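First comes the structure, then the notes that go with it.
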Amino acid sequence: MAKHTQTIAITSALLLSVPAWAQQVGTAAGVSPAASSRSGQGALRQVRLGDHVLHNQHFQTDANGVVQILLADGTSFTIGPRSALTIDEFVYDPRRGTARVAASAGRGVLRFIGGAASKPGGSATVKTPVGVAGIRGAIVDFALPGDGPGPLRIDLHYGDGVSLSCNNGAGGALSAGGQSMLVSTDGDGCGVIRHASIQQPLNPGQVPAGAPGAGQPLAGDAGGLGAAPNGLAGFSGAPMPEDTTDRSQPLQTDGSPGLALAEQQLQQQLLELIRQLPPVDVPSPMPQPPAPAPEPAPAPAPEPAPAPAPEPAPAPAPEPAPAPAPEPAPAPAPEPAPAPAPAQTLEGSYRGFAGALDASGQTRMPGTAELTFSTANSTVSARISPMQWEGLSWELEGSEGRYAADNDFDGSNITLDPNAPNTLQSAADPTLLCDCDYLTWGRWNAGIEGNGTSYGPFDGYWVAGQLSEVAELPQSGQATYNGHAVGMVSDGVDITHGVQGDFQAVVDFGSGQGSLQISNFDGRSFGSSNLDINNSGMLAWGFQGELSDGADINGQYQAGFASDGSDPAAAMIGTFSADDANAGWSASGVFGGTRDGSGGAQQP
């Protein structure tokens, strides 16, 4: 019996420059036997310790299964019982400062430990049934309801933060260790989002009751995810001694000594794991199956009976027609085209509006929003200026913002509270407002200091586009705009994000007068019959006015017209706030709608 030892070449870039790893992105670093995987549409097979992890590889476990996978940048996923995870995308090149990981979690419990992809300059996302979670240098647990009605739970144990962009435009964020977010489901999006302290850790790496080794850490785990003596978990052997060697990489510049030390320990443990891989037995030569036994000889045929007297010979039968030639084998189906790259159609400066509620759920005066996108650098910068802040703004630098696609960009920085960074998020589905790819919208939350006081924190929505000046608008004709509104509602106790409604406006460009209506928003409707596009008030651009339902609801709006590149009044966008003091109800959000083709507005 011949033996050979598995050998994997490792550089300081962690498994980066090995040509044979054309598609390999990591290794199975810990396994309980009841775990299986498949690549693409291939058949399921049992996962074994040391198995290669590939792009588009799907992992699933049954009631007794646990598996941990370790990617080349140091990212780790631990997949608990009755769970499913797919590695959708992985890119790692420390020489260029590039790291990106994207995974999809379908059900169950899992833990994410951030590597280089979750640091500044990288991208780490986990897609859930209700939205996409973006993770920044953190250790995060997920509990997914699967096909049941239960909520999604996200626990932040350590690191910079995790944000959730829901499919219906809602969202939430955690920015301090020990926090938990509980998200109820609303169709395929988010319902009520609640925040609390972690009371009972999920511990996805614990071998479940009834399985071999029940109640013990996953095989290959140095103490279990609950203990995690090194701040990490899921690696064979005792905790490694502290390594003082400088292993800094271009992506490790977040200034967090705790996370940098965790990465050094992660690299040491990966090297130790591979050194401990057992030999693989290879038969020499491979045995051949025995030849099949010969078929028994057939029994002799019985003697024929004497032939009867011959009948008169019948007329000969016609010759049969020749068999048709076989059809040629069909040509193989062409290989499917590769998935298109994420769309980046936003470029340059966009202006618009921002509204918000404060921490107590009270509405605040809307303000303006300015965003700048760079497709060359894949960055976004922003300035949010609520009127309540007396001329001050929250600013996000381009170096702090990431722009991967029109529905995937964000950024954050720290101002008032190191445990609650200011954030900007894109909408997961920009078409919720209107089917107009020249507009963009999303969420923001921020607080700043200035003028000898603290402003915020505020939490709200923004919308932006290529806004037109008054002189660029049509001088005659009427137009009707139809679209939707998205925002947040407070009942005095809870704040609900992702609330949707309808939006309609009618404008006479000759007189500048018109009407605006938001309806079916949390069961309420309100608007204005005195819209005046020349009433700019304190706005640097656009126009403003008051909202009412004629009874208990009062509020205000700010709006403007956005160009699609040819029509300067192709869309109307804006923000609104509304209050019902008698019911303790408050709302804030954004709206957008496109001009009907029959509007008849004339160009200047």
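Please read these numbers as outputs of a predicted model, since none were measured by experiment. These numbers come from the heavy atoms of this one structure, side chains and all, not from hydrogens, waters or symmetry mates.
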If I compare all heavy atoms of Ser426 with all of Ser165, which pair ends up nearest, and what's the gap? O-OG, 3.9 Å
Considering all heavy atoms of both residues, which atom of Gly460 and which atom of Met488 are nearest to each other, and what is their separation? CA-SD, 3.7 Å
Exercise: identify the closest heavy-atom pair between Ala138 and Ile135: CB-CG2, 3.8 Å
Side chain to side chain donor-acceptor pair (under 3.5 Å) between Ser76 and Gln68: does it pass, once the steps are laid out? CA-CA 7 Å; Ser76 169; Gln68 185 177 61; 3.2 Å; yes
Are the side chains of Asn407 and Pro430 in touch, meaning some heavy atoms are under 4.5 Å apart? yes
Taking all non-hydrogen atoms of both residues into account, name the closest pair between Asn168 and Val486 and its distance. O-CG1, 4.5 Å
Is a donor on one side and an acceptor on the other found under 3.5 Å between the side chain of Asp88 and the backbone of Ser104? yes
Side-chain (Asp62) to main-chain (Gly65) donor-acceptor, under 3.5 angstrom: yes
Met181 vs Leu164, side-chain contact (heavy atoms from CB on, under 4.5 Å): CA-CA, chis, key distance, verdict: CA-CA 10 Å; Met181 180 163 49; Leu164 178 67; 4.1 Å; yes
If you round to the nearest 0.5 Å, how far is CZ of Arg136 from OG of Ser175? 14.0 Å
State, yes or no, whether a side-chain contact exists between Thr78 and Leu110 at a heavy-atom distance under 4.5 Å. no
Check for a donor-acceptor pair, side chain of Asn167 on one end and backbone N or O of Pro129 on the other, with a separation under 3.5 Å. yes
Measuring from atom CD1 of Ile139 to atom CZ of Arg111, what distance do you get when rounded to the nearest 0.5 angstrom? 7.0 Å
Pairwise distance OG1(Thr440) to CZ(Phe409) - rounded to 0.5 angstrom: 3.5 Å
Closer than 3.5 angstrom, by distance alone: can the side chain of Thr431 be matched with the main-chain N or O of Cys434 as a donor-acceptor pair? no
Got Asp141 and His157 here, is their nearest side-chain heavy-atom distance under 4.5 Å? yes
State, yes or no, whether a side-chain contact exists between Asp155 and Pro201 at a heavy-atom distance under 4.5 Å. no
Okay, side chain of Thr61, backbone of Arg82: is any donor-acceptor separation there less than 3.5 Å? yes
Could you tell me the separation between the CZ atom of Arg153 and the OG1 atom of Thr128, rounded to the nearest 0.5 Å? 15.0 Å
For Gln57 and Thr86, does a side-chain donor sit closer than 3.5 Å to a side-chain acceptor? no
Measure the shortest side-chain to side-chain distance between Ile69 and Leu85 over non-hydrogen atoms and say whether it is less than 4.5 angstrom. yes
Applying side-chain hydrogen bond (donor to acceptor under 3.5 Å, both in side chains) to Asp491 and not counting sequence neighbours gives none
What is the ring orientation for Tyr461 with His497, classed by angle as parallel under 30°, tilted 30 to 60°, or perpendicular over 60°? tilted
Please report the shortest heavy-atom distance between Asp73 and Ala117, naming the atom on each side. OD2-N, 2.8 Å
Can you confirm whether Val109 sits close enough to Phe142 that some side-chain heavy atom of one is under 4.5 Å from a side-chain heavy atom of the other? no
Below 4.5 Å, heavy atoms only, C-beta onward: do Leu346 and Gln344 meet side chain to side chain? no
In short, Phe77 meets Val126 closest at the heavy-atom pair CE2-CG2, 4.1 Å
Donor-acceptor check, side chain of Thr75 to backbone of Gly115, threshold 3.5 angstrom: yes or no? yes
Keeping the roles fixed (side chain from Ser118, backbone from Gly137), state whether a donor-acceptor pair exists under 3.5 Å. yes
So, the side chain of Trp441 versus the backbone of Ala427: is there a donor-acceptor pair under 3.5 Å, distance only? no
Value for CD (Glu89) from OG1 (Thr125), rounded to nearest 0.5 Å, stands at 8.0 Å
Supply the atom-to-atom distance Thr185 OG1 to Leu144 CG, rounded to the nearest 0.5 angstrom. 11.5 Å
Does one side chain, of Gln425 or Asp410, offer a donor that lies under 3.5 Å from an acceptor on the other? no
Does a side-chain heavy-atom distance below 4.5 Å link Leu433 with Val463? yes
